[in-house]
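Below: the structure, in structure tokens.
Within every chain, numbering begins at 1; the chains are lettered A, B, ... in the order of the sequence lines, protein sequences first and strands thereafter. Since this is a predicted model, take the numbers as computed values, not measurements.
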Amino acid sequence: MKIATYNVNGISSRLPVLLRWLNETQPDVACLQELKAPQEKFPEEALKEIGYSAIWHGQKSWNGVAILTNGEPAKERCRVLPGDAEDEHSRYIEAEVNGLIIGCLYLPNGNPAPGPKYDYKLSWMDRFNAHAAELIKGGTPVILTGDYNVIPTGFDVYKPERWTEDALFRTETRESYERIIAQGWTDAIRKLHPTEKIYTFYDYFRNAYGRDAGLRIDHFLLSPNIVDRLKAAKVDRHVRGWEKSSDHCPVWIEID
DNA sequence: ATGCCCTCTTTGAGAGGA
């Protein structure tokens with residue numbers, strides 16, 4: 001089973017690229033982030049025409065997440081991250097697919113840091129940590145994937161010294177991410193490619209893609225009981241070079 | 001240090017992204 005994640009940066013503007021990528025790579029499941037569209041503007045029919053069902057949680061202007069499946073719709077478990085009834089951002093949707101729990105997340109950016117946006121990021125991460133711990137306890141195999149907006153190590157960014165004060169790379173951000181990992185989660189890309197330079201995001205500025213000046217911020221975390229089934233983990237880097245591309249690359253894994 | 005580019009929106013210039 002092939003499971004992908006793709007921060008589309010606006011599903012309306014991205015629809016041609018999204019359809020081309022789905023047709024060419026045929027993931028069984030695709031988790032999308034940054035729909036930037038209200039619930040009723042989601043292109044359900046266009047996706048259905050190429051064989052994909054969807055569950056999604058839209059929001060006007062910002063955020064928005066979806067889980068696409070090739071065939072039957074995913075069985076939704078929740079569409080908000082538990083832990084804060086006041087939080088209105090559409091940043092998390094979770095479903096059961098083929099006996100797996102799949103969580104699709106768009107973790108807050110958090111810049112500028114420090115400040116209220118950074119505080120929101122850290123509190124969101126605390127809630128995410130708590131939810132991840134519950135999922136591991138539940139015993140069902142889990143995949144948590146999406147745009148984490150976290151650069152895990154200096155090896156995951158083209159020039160780490162430029163990013164030390166950025167919300168994606170600050171010490172507190174990395175420490176919070178490390179606390180999730182310490183629960184027993186496995187970073188699928190690094191498990192299979194421990195020493196390879198791999199990026200999933202390239203800024204639109206300064207020809208970042210052409211210079212390979214990227215960040216690795218889109219991740220797959222696997223619960224302990226599914227790690228042995230991991231067969232492949234890759235970035236569709238070339239998609240970033242397409243006309244009208246998102247600033248993120250699709251990333252995918254293959255599970256037995 | 002800042003803008004760069006791209007997306008969204010009360011279609012303007014501003015906010016947000018990372």
Side-chain angles (χ1 to χ4, degrees), chain A residues 5-21 31-43 56-66 87-92 104-122 124-125 128 145-174 176-177 189 197-219 235 237 239-251:
Chain A
T5 183
Y6 189 18
N7 178 323
V8 293
N9 187 17
I11 197 165
S12 303
S13 299
R14 206 67 56 219
L15 190 58
V17 162
L18 174 63
L19 295 175
R20 176 180 170 193
W21 168 69
C31 296
L32 308 182
Q33 305 87 34
E34 276 209 89
L35 304 178
K36 290 185 169 180
Q39 189 71 10
E40 66 275 13
K41 290 277 178 63
F42 185 86
W56 69 97
H57 188 188
Q59 184 175 339
K60 191 172 138 185
S61 307
W62 323 121
N63 312 315
V65 284
D87 184 3
E88 295 188 338
H89 293 205
S90 297
R91 295 182 176 274
Y92 188 76
C104 168
L105 64 128
Y106 175 45
L107 203 147
N109 174 305
N111 279 306
K117 291 191 174 176
Y118 192 58
D119 294 342
Y120 175 66
K121 176 177 194 151
L122 293 177
W124 204 95
M125 291 183 82
F128 183 65
T145 187
D147 178 359
Y148 279 71
N149 272 317
V150 174
I151 302 166
T153 74
F155 188 57
D156 298 305
V157 49
Y158 66 102
K159 200 170 269 196
E161 63 274 18
R162 290 267 178 89
W163 291 81
T164 51
E165 294 310 311
D166 192 279
L168 279 64
F169 193 55
R170 294 186 112 219
T171 303
E172 282 170 283
T173 305
R174 283 185 281 152
S176 182
Y177 180 78
I189 287 274
K197 186 175 76 172
I198 296 172
Y199 302 135
T200 67
F201 168 88
Y202 298 92
D203 212 310
Y204 286 122
F205 306 162
R206 295 172 296 245
N207 187 32
Y209 176 66
R211 296 185 298 122
D212 201 30
L215 316 173
R216 192 174 73 91
I217 54 176
D218 300 87
H219 308 302
V235 178
R237 187 184 183 281
V239 174
R240 179 63 181 82
W242 289 355
E243 195 83 15
K244 294 278 285 174
S245 150
S246 169
D247 40 8
H248 290 252
C249 306
V251 187

For this session: For B/dC4 versus B/dG14, give the span between their P atoms, rounded off to a whole number of Å.
Result: 13 Å
Problem set entry | Partner set under side chain to side chain donor-acceptor pair (under 3.5 Å) for A/Asp247, not counting sequence neighbours | none
Problem set entry | Heavy atoms from other residues, nucleotides or ligands near CZ of A/Arg211 exceed 12 (cutoff 6.0 Å) | yes
For this session: Sugar-phosphate means primed atoms, P, OP1 and OP2; the rest is base. With that split, encode nucleotides 8-18 of chain B 5' to 3' as B, S or - using protein heavy atoms under 4.0 Å.
Result: SSS----BBBB
Exercise. What's the NZ-P distance between A/Lys244 and B/dC6, to the nearest Å?
Worked result: 9 Å
For this session: For B/dT11 and B/dT7, measure between their C1' atoms and round to the nearest Å.
Result: 14 Å
Problem set entry | Any residue meeting side chain to side chain contact (heavy atoms under 4.5 Å, CB included) with A/Gln39, in chain and number order, not counting sequence neighbours | A/Trp56, A/His57, A/Arg79
Exercise. Taking atom P in both B/dG3 and B/dA15, what distance in whole Å separates the two?
Worked result: 12 Å
Seminar exercise, completed: With sequence neighbours left out, the residues meeting side chain to side chain donor-acceptor pair (under 3.5 Å) with A/Tyr148 are none
Seminar exercise, completed: Sorted by chain and number, sequence neighbours left out, ring-ring contact (aromatic ring centres under 6.0 Å, His included) with A/Tyr202 holds for A/Tyr209
Problem set entry | Between B/dC8 and B/dA18 - P atom distance, rounded Å | 14 Å
For this session: For A/Arg20, enumerate each residue passing the salt bridge (charged side-chain N to carboxylate O under 4.0 Å, His left out) test, keeping only those at least two apart in sequence or located in another chain.
Result: A/Glu24
